Amino acid sequence: MACFISLCLSFLLLLKPIRTTTITEDVEVLVILPKNNSYIFSYPRVAPAIEYAQQRLKKDDGQYSGLNFKIQYENSGCGNDALFTLVDISCEKKPDLILGPVCEYAAASVVRLASHWNIPVISAGALATGFSNKNKEYSHLTRIAPSYLKMADTFAEMFHHFTWKGALLIYEDDKEERNCYFALEGVFVLLEEYKIETYVIHSKEGRLDIDGILHHIHDTEVVIMCTEADVIREIMLAAHRRRLTNGSYVFFNIELFNASSYGNGSWKRGDKYDNEARQAYASLNTVTLLRTVKPEFENFSMEVKKSIQKAEVHDCEDCGSINMFVEGFHDALLLYAIALHEAMKNGFSKKDGAEITSRMWNRTFEGIAGQVSMDANGDRDGDFSLMVMTDLEAGAYEVVANYFGVNRSFQVLPAFNIDRFTLRGRHKAHTETPDKSCGLGVSALTGIIVGALLGTALLMAFYFFSKNYRITVERRTQTEECDIGKHRQLREDSIRSNFSAA
């Protein structure tokens with residue numbers, strides 16, 4: 001009888017509906033990005049990636065299928081438009097999540113207000129160093145793309161390993177997005193213990209001062225450039241013609257965002273300088289984001305391109321390319337879904353912005369291009385590649401090393417050549433003169449010459465001393481008093497000068 005009752009209970013349990021972990025919730029998402037496709041993070045470029053993430057969440061085992069994301073795209077530039085958009089939208093209803101802005105100046109005001117309103121903000125931009133301080137006004141910002149400080153870690157590790165002493169930072173400052181300015185600000189901050197000089201380029205305002213740039217290069221060891229591809233080419237051609245690419249200096253180019261807008265390392269233009277440029281670029285090293293070969297990423301790329309073609313975006317030649325922003329905003333929606341689901345399972349709601357934000361930090365998840373690691377400050381750890389020209393005849397590039405930010409380590413690949421990063425020949429000009437010492441060492445010959453000069457000087461001094469003793473003493477006394485007065489004045493002037501400078 002007991003056995004029969006037990007079987008009945010088991011049967012009833014099987015018939016009872018299984019409790020699901022699916023949580024149903026409508027989520028209002030405000031995307032604040034430019035509509036203008038001249039921006040490589042415009043929302044016509046990014047929207048297909050966000051929609052791809054939505055579809056992925058619906059399919060992933062049903063865990064996040066109950067989250068209904070209602071996405072609203074709003075146009076904004078890199079100024080105050082983003083803030084005005086947020087205020088206008090919020091007069092009717094505040095969003096639950098904000099994606100964007102990307103530009104530093106637009107993001108600053110939006111993140112401040114969103115943090116005050118307890119709304120999470122996830123951006124693939126806002127990469128400047130200032131956003132790293134999240135104690136107060138940027139408390140709700142999560143950066144889903146590696147910040148400029150993360151990129152600068154790559155250079156800090158190389159400086160430490162190769163014992164370089166100083167660098168010249170050459171950057172374009174367009175006074176709007178200022179991507180290169182903020183990128184090299186990160187390098188400047190992390191390399192503060194070294195001798196760092198900067199050179200600003202305003203290429204759109206006139207011709208480059210190539211002589212001025214080369215003059216600054218002469219006084220350094222490492223040259224790090226962030227500017228347009230054509231400007232990099234002009235600098236490298238000039239450096240090559242002045243024989244600065246012979247190993248005495250190390251040249252770096254930063255390729256931002258996996259996009260062709262900033263120094264993509266291309267030397268070929270189809271002009272008469274191509275051959276010379278190829279030789280010059282043999283000394284140029286490019287730091288760029290690590291590219292993925294994950295099969296799912298290829299499918300993602302194809303679907304995004306199809307969506308853009310279907311939308312008939314005509315004013316954008318390279319909208320089909322997948323840059324850091326397209327990838328980042330896809331992963332942003334995944335990360336938020338994970339954190340929201342986790343928070344709601346623990347009794348919180350979508351309006352608990354601080355709680356949701358904290359659950360997005362210090363965690364790892366699988367993004368569209370591979371594993372994404374978020375640090376304890378809500379910033380994505382960055383992986384970067386070092387590319388160099390390995391085929392000098394064809395002018396072809398190859399990745400020779402990868403830097404992994406999560407453990408601050410380099411992976412050296414077979415094509416890596418340490419000689420490229422070893423400074424040499426910087427002082428050879430003084431030692432290449434013919435040897436005229438007749439077999440004597442340089443030190444011995446110098447000693448003989450100095451000894452002869454000193455002997456002659458002593459004989460002359462003795463002659464004048466014995467002949468004009470009294471006059472000499474008087475003149476020496478006057479001279480010493482004059483010198484003492486001058487030295488005292490010099491010393492006082494130096495102290496005043498240093499104190500004023502301090």
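Computed from heavy atoms alone, side chains included, the values below leave out hydrogens, waters and symmetry copies. Just so we're clear, the structure is a prediction, and the values are computed from it rather than from any experiment.
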(message) Using side-chain hydrogen bond (donor to acceptor under 3.5 Å, both in side chains), reason through Arg243 and Ser248 one step at a time and then give a plain yes or no.
(response) CA-CA 9 Å; Arg243 299 183 179 179; Ser248 299; over 6 Å; no
(request) Compute the ring centroids of Phe421 and Phe416, then answer whether they are less than 6.0 Å apart. (result) yes
(request) Check whether any side-chain heavy atom of Ile232 lies under 4.5 Å from a side-chain heavy atom of Leu284, and answer yes or no. (result) yes
(request) Count the heavy atoms of every other residue, nucleotide or ligand shown that sit under 6.0 Å from CZ of Phe188, and state whether that count exceeds 12. (result) no
(message) For a side-chain hydrogen bond (donor to acceptor under 3.5 Å, both in side chains) check, start with the C-alpha distance between Tyr105 and Arg178, then their side-chain angles and the critical distance, and finish with the verdict.
(response) CA-CA 10 Å; Tyr105 295 117; Arg178 308 191 78 183; 3.0 Å; yes
(request) Using a 4.5 Å cut-off on heavy atoms from C-beta on, say whether the side chain of Met158 contacts that of Trp164. (result) yes
(request) With the side chain counted from C-beta on, respond yes when Ser139 and Thr357 share a heavy-atom pair under 4.5 Å apart, and no when they do not. (result) no
(request) Assess whether salt bridge (charged side-chain N to carboxylate O under 4.0 Å, His left out) is satisfied between Lys268 and Asp274, documenting all intermediate values. (result) CA-CA 6 Å; Lys268 196 170 186 178; Asp274 269 358; 5.8 Å; no
(request) Please determine if Arg242 and Asp211 form a salt bridge, counting it only when a charged side-chain N lies under 4.0 Å from a carboxylate O. (result) yes
(request) State, with a plain yes or no, whether a side-chain heavy atom of Tyr39 is found less than 4.5 Å away from one of Glu177. (result) yes
(message) Rounded at 0.5 Å granularity, tell me how far CE in Met389 sits from CH2 in Trp267.
(response) 6.5 Å
(message) Can you confirm whether Ile89 sits close enough to Gln72 that some side-chain heavy atom of one is under 4.5 Å from a side-chain heavy atom of the other?
(response) yes
(message) Can you give me the closest heavy-atom contact between Gly328 and Ile144, atom names plus distance?
(response) O-CG2, 3.4 Å
(message) Ignoring hydrogens, what is the shortest heavy-atom contact between Ile119 and His140? Give both atom names and the distance.
(response) O-CB, 3.5 Å
(message) Looking at Lys35, is its backbone amide N or carbonyl O close enough to the side chain of Asn75 to form a donor-acceptor pair, meaning the two atoms are under 3.5 Å apart?
(response) yes
(request) Provide the closest heavy-atom pair for Ser385 versus Asn402 in the form atom of the first, atom of the second, distance. (result) OG-OD1, 2.7 Å
(message) Whether Lys195 and Glu221 form a salt bridge (side-chain N of Lys/Arg under 4.0 Å from carboxylate O of Asp/Glu) is what I want to check.
(response) no
(message) Less than 4.5 Å apart, side chain to side chain, heavy atoms only: is that true for Arg233 and Tyr281?
(response) yes
(request) Can you label the angle between the Tyr249 ring and the His218 ring as parallel, tilted or perpendicular, going by 30° and 60°? (result) perpendicular
(message) Which label fits Phe410 and Tyr403: parallel for a plane angle under 30°, tilted from 30 to 60°, or perpendicular past 60°?
(response) tilted
(message) Strictly distance-based, threshold 3.5 Å: is any side-chain N or O of Asn285 a donor or acceptor partner for the main-chain N or O of Phe251?
(response) yes
(message) Test your reading of the model: is there a side-chain donor-acceptor pair from Asn323 to the backbone of Ile40, 3.5 Å cut-off?
(response) yes
(request) Spell out, as yes or no, whether a donor-acceptor pair under 3.5 Å connects the side chain of His216 to the backbone of Gly212. (result) yes
(request) Over all heavy atoms of both residues, which pair between Ser132 and Asn377 is shortest? Give the atoms and the distance, please. (result) O-ND2, 2.9 Å
(message) As an exercise, state the distance from CE of Met236 to CG of Asn253, rounded to the nearest 0.5 Å.
(response) 9.0 Å
(request) Could you tell me whether Tyr148 and Phe182 have their ring centroids closer than 6.0 angstrom? (result) no
(request) Return yes when atom OH of Tyr73 has more than 12 non-hydrogen atoms of other residues, nucleotides or ligands closer than 6.0 Å, and no otherwise. (result) yes
(message) When you measure from the side chain of Thr220 to the backbone of Ile217, do you find a donor-acceptor pair of N or O atoms at a distance under 3.5 Å?
(response) no
(request) Could you tell me the separation between the OG1 atom of Thr288 and the CE atom of Met324, rounded to the nearest 0.5 Å? (result) 10.5 Å
(request) Can you see which heavy atom on Ala126 is nearest to which on Phe131, and at what distance? (result) O-CD1, 3.4 Å
(message) Quick check for you: to the nearest 0.5 Å, what is the distance between Leu169 atom CG and Leu184 atom CG?
(response) 5.5 Å
(message) Would the distance check show the side chain of Glu104 and the main-chain N or O of Ala128 forming a donor-acceptor pair, the cut-off being under 3.5 Å?
(response) yes
(request) Mind telling me whether Phe257 and Phe325 have parallel, tilted or perpendicular rings, with 30° and 60° as the class edges? (result) tilted
(message) Could you check whether any side-chain heavy atom of Ser373 comes within less than 4.5 Å of a side-chain heavy atom of Thr364, counting everything from C-beta outward?
(response) yes
(message) More than 12 heavy atoms of other residues, nucleotides or ligands under 6.0 Å from NE2 of His116: yes or no?
(response) no
(request) Output, in order, the C-alpha distance, side-chain angles, deciding distance and verdict of salt bridge (charged side-chain N to carboxylate O under 4.0 Å, His left out) for Glu255 and Arg291. (result) CA-CA 12 Å; Glu255 182 187 89; Arg291 288 173 170 82; 2.9 Å; yes
(message) Keeping Asp381 on the side-chain end and Phe404 on the backbone end, is there a donor-acceptor pair under 3.5 Å?
(response) no
(request) Look up atom OH in Tyr194 and atom CD in Glu192, then write down how far apart they are to the nearest 0.5 Å. (result) 11.0 Å
(request) Without swapping roles, check the side chain of Thr422 against the backbone of Ile418 for a donor-acceptor pair under 3.5 Å. (result) yes
(request) Flag the pair Glu327 and Arg380 as a salt bridge only when some basic side-chain nitrogen lies within less than 4.0 angstrom of an acidic carboxylate oxygen. (result) yes
(message) What I'd like to find out is whether the side chain of Ser266 reaches to under 4.5 Å of the side chain of Arg269, using heavy atoms alone.
(response) yes
(request) Any chance you could lay out the side-chain hydrogen bond (donor to acceptor under 3.5 Å, both in side chains) test for Tyr52 and Asn299, step after step, and finish with the verdict? (result) CA-CA 11 Å; Tyr52 187 94; Asn299 182 63; 3.1 Å; yes
(message) Looking at Arg278 and Leu392, would you say the former's side chain and the latter's main chain have a donor-acceptor pair under 3.5 Å?
(response) yes
(request) For residues Ile122 and Phe329, report the shortest heavy-atom separation together with the two atoms involved. (result) O-CE2, 3.9 Å
(message) To the nearest 0.5 Å, what is the distance between NZ on Lys150 and CG on Leu190?
(response) 10.0 Å
(message) Treating Arg45 as the side-chain partner and Asn37 as the backbone partner, does any N or O pair qualify as donor plus acceptor under 3.5 Å?
(response) yes
(request) Dump the intermediate steps for side chain to side chain contact (heavy atoms under 4.5 Å, CB included) on Glu228 and Ile201, then the final yes or no. (result) CA-CA 10 Å; Glu228 296 176 356; Ile201 293 175; over 6 Å; no
